[in-house]
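Have a look at the structure below before the remarks.
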Amino acid sequence: MVESKQQVDLRVISNQVGARPTPRSEGSTSPDIQLRPWVVVPEPSEADIEELKKQRIACGWHSERIPMWKEEIQSGTRYVWFIHTRTPTGLTETAGMISLYLYDPSDLSVADMRAPPPQAGGRVEIGALFIYPEYRRQGIAEAAFRELEQKAAEVGATTITVNTMAPSETVRRYERIGYQQYKKEKKYKLQDVLGLGLTEEYCYAAFLEKKIA
Ligand SMILES: CC(C)(COP(=O)(O)OP(=O)(O)OC[C@H]1O[C@@H](n2cnc3c(N)ncnc32)[C@H](O)[C@@H]1OP(=O)(O)O)[C@@H](O)C(=O)NCCC(=O)NCCS
């Protein structure tokens with residue numbers, strides 16, 4: 001089977017992240033992480049599916065999306081990575097997850113890189129970020145973001161977007177690492193938001209972007 005350029009690009013980004021750890025800069029105080037791609041071809045392992053479910057249940061959010069993520073990966077519009085940290089003896093258990101989305105047909109301002117021409121552009125979204133409580137506040141999320149920004153640039157993305165519940169501390173965290181809000185709109189279903197124990201104002205999401213070219 002002949003691979004399209006898109007398939008090759010996506011295989012390259014996946015292999016690079018999984019197989020070639022990013023070297024640490026001398027004197028770096030950020031955590032030493034490794035991103036392991038969620039491999040779904042020919043089929044994902046049961047262990048990986050269970051791990052994803054565990055994380056989505058832990059964050060109370062979107063475990064129903066796992067089959068859709070699998071299809072998006074297979075069609076070349078999404079990547080999902082498990083986040084590990086490296087120790088002198090190997091990798092830790094999974095510390096969390098992160099995803100790169102290359103085409104959001106419902107909102108091209110979020111991700112348009114794999115949109116059909118002439119809509120295709122350079123926007124990709126970092127999302128589905130989750131870190132287990134015991135691994136938090138060590139800079140792991142920020143380190144994973146930096147790695148994904150680098151990988152996105154390598155495949156030609158020019159802008160990274162993120163979105164998060166608007167009344168959240170997370171907005172300020174993203175601003176601190178160079179993201180700027182470009183819109184705010186209603187995104188989450190009231191039922192889901194109430195189910196998470198939050199109030200109606202959390203239905204709104206802030207959309208932020210960062211130029212990386
Ligand atoms: C939001 C989230 C991803 C952050 O992950 P994290 O790995 O703890 O993030 P970081 O460590 O990079 O940064 C978190 C904070 O720790 C601080 N920090 C980083 N390294 C630190 C260190 N060595 N010592 C102390 N603090 C540190 C950061 O400055 C940051 O501070 P802030 O809260 O004032 O912004 C994580 O808390 C999470 O998964 N939360 C749940 C997400 C969720 O449920 N989302 C809903 C949809 S799934």
Side-chain angles (χ1 to χ4, degrees), residues 17 22 24-25 27-36 38 48-70 72 78-87 91-101 104 107 110-111 125-152 160-181 184-208 210:
V17 171
T22 307
R24 303 193 83 198
S25 54
S28 169
T29 53
S30 71
D32 193 6
I33 65 160
Q34 182 160 337
L35 302 184
R36 177 174 64 83
W38 182 30
D48 281 351
I49 291 179
E50 282 312 307
E51 175 55 41
L52 281 178
K53 280 188 194 158
K54 197 173 128 197
Q55 294 197 31
R56 300 328 287 174
I57 289 166
C59 78
W61 201 239
H62 291 326
S63 54
E64 80 287 354
R65 289 196 179 167
I66 295 170
M68 189 180 80
W69 288 346
K70 179 185 143 191
E72 288 169 347
R78 180 180 293 278
Y79 269 90
V80 169
W81 287 272
F82 297 101
I83 304 171
H84 296 261
T85 61
R86 279 190 283 261
T87 67
L91 296 183
T92 58
E93 296 290 302
T94 311
M97 65 172 292
I98 193 164
S99 171
L100 190 67
Y101 192 26
D104 182 347
D107 185 348
V110 167
E125 181 205 25
I126 295 180
L129 174 62
F130 175 75
I131 304 293
Y132 281 116
E134 60 270 34
Y135 287 97
R136 288 182 193 163
R137 301 199 67 82
Q138 301 171 31
I140 292 176
E142 202 176 315
F145 244 78
R146 275 199 302 273
E147 247 190 80
L148 252 61
E149 288 174 358
Q150 191 182 324
K151 296 301 168 193
I160 308 265
T161 73
V162 288
N163 59 80
T164 183
M165 284 171 174
S168 149
E169 262 300 309
T170 321
V171 173
R172 276 179 288 284
R173 189 173 298 139
Y174 288 141
E175 285 171 346
R176 267 211 310 276
I177 59 170
Y179 288 78
Q180 289 183 329
Q181 186 168 320
K184 181 178 168 182
E185 62 186 34
K186 201 160 184 180
K187 175 177 178 191
Y188 305 106
K189 289 189 196 130
L190 182 60
Q191 186 190 342
D192 291 346
V193 164
L194 297 179
L196 286 171
L198 301 170
T199 53
E200 193 174 349
E201 61 177 333
Y202 284 84
C203 288
Y204 284 86
F207 292 73
L208 299 96
K210 179 179 177 177

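Counting starts at 1 for both ligands and their atoms, following the listed order. In this chain, residues are counted from 1 in sequence order.
For atom 28 (C) of ligand 1, the nearest protein heavy atom lies 4.0 Å or farther away.
In terms of heavy atoms, Arg86 sits closest to Ile33 at NH2-O, 3.0 Å. Here the closest non-hydrogen pair linking Ala152 and Ile160 is CB-CD1, 3.6 Å.
Contact annotation for Arg173 and ligand 1: only side-chain heavy atoms (C-beta onward) come within less than 4.0 Å of the ligand. Neither the backbone nor the side chain of His62 has a heavy atom within less than 4.0 Å of ligand 1.
Considering only non-hydrogen atoms, atom 36 (C) of ligand 1 lies nearest to Arg136 out of Met97, Arg136, Arg146. When Ala144, Ala141, Ala58 are ranked by how near their heavy atoms come to atom 4 (C) of ligand 1, first place goes to Ala141.
Considering backbone and side-chain atoms alike, Phe130 places every N or O at 3.5 Å or more from each N or O of ligand 1. Every N/O-N/O distance between Trp61 and ligand 1 stays at or above 3.5 Å. Between Tyr135 and ligand 1, not a single N/O pair is under 3.5 Å apart. Polar contact with ligand 1: absent for Leu129 (N/O pair, distance under 3.5 Å).
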In sequence, state the C-alpha distance, the side-chain angles, and the governing distance for Trp69 and Trp38, and then conclude on side-chain contact (heavy atoms from CB on, under 4.5 Å). CA-CA 10 Å; Trp69 288 346; Trp38 182 30; 4.1 Å; yes
Stepwise side-chain contact (heavy atoms from CB on, under 4.5 Å) test for Thr164 and Leu129: CA-CA 10 Å; Thr164 183; Leu129 174 62; over 6 Å; no
Show your reasoning for whether side-chain contact (heavy atoms from CB on, under 4.5 Å) applies to Gln55 and Phe82. CA-CA 10 Å; Gln55 294 197 31; Phe82 297 101; 4.1 Å; yes
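Under 4.0 Å is where a charged nitrogen must lie from a carboxylate oxygen, and between Lys70 and Asp48 no such pair does. Using a 4.0 Å cut-off between charged nitrogen and carboxylate oxygen, Glu169 and Arg172 count as a salt-bridge pair. Between Glu142 and Arg146 there is a salt bridge, with a side-chain nitrogen of the basic residue lying less than 4.0 Å from a carboxylate oxygen of the acidic one.
At least one heavy atom of Arg176 sits closer than 4.0 Å to an atom of ligand 1. At least one heavy atom of Arg56 sits less than 4.0 Å from an atom of ligand 1. Using 4.0 Å as the threshold, Thr170 has no heavy atom nearer than that to any atom of ligand 1.
Every atom of ligand 1 is numbered from 1 in the order shown, and the set under 4.0 Å from a heavy atom of Cys59 is 44 (O), 48 (S). Numbered from 1 in the order shown, with element, the atoms of ligand 1 that lie under 4.0 Å from a heavy atom of Gly139 read 10 (P), 11 (O), 12 (O), 19 (C), 20 (N). Those atoms of ligand 1 with a heavy atom of Glu142 less than 4.0 angstrom away are 12 (O).
Nearest protein heavy-atom neighbour of atom 23 (N) of ligand 1: Arg137 O, 3.8 Å. Looking only at protein heavy atoms, the nearest one to atom 39 (O) of ligand 1 is Ile131 N, 2.8 Å.
Under the side-chain contact (heavy atoms from CB on, under 4.5 Å) rule, Ile126 has a single partner from Tyr101, Phe145, Tyr174, which is Phe145.
For the atom pair Tyr135 OH and Ile83 CD1, the distance stands at 11.5 Å (nearest 0.5 Å). Atoms NZ and OH, on Lys151 and Tyr79 in that order, are 12.5 Å from each other to the nearest 0.5 Å.
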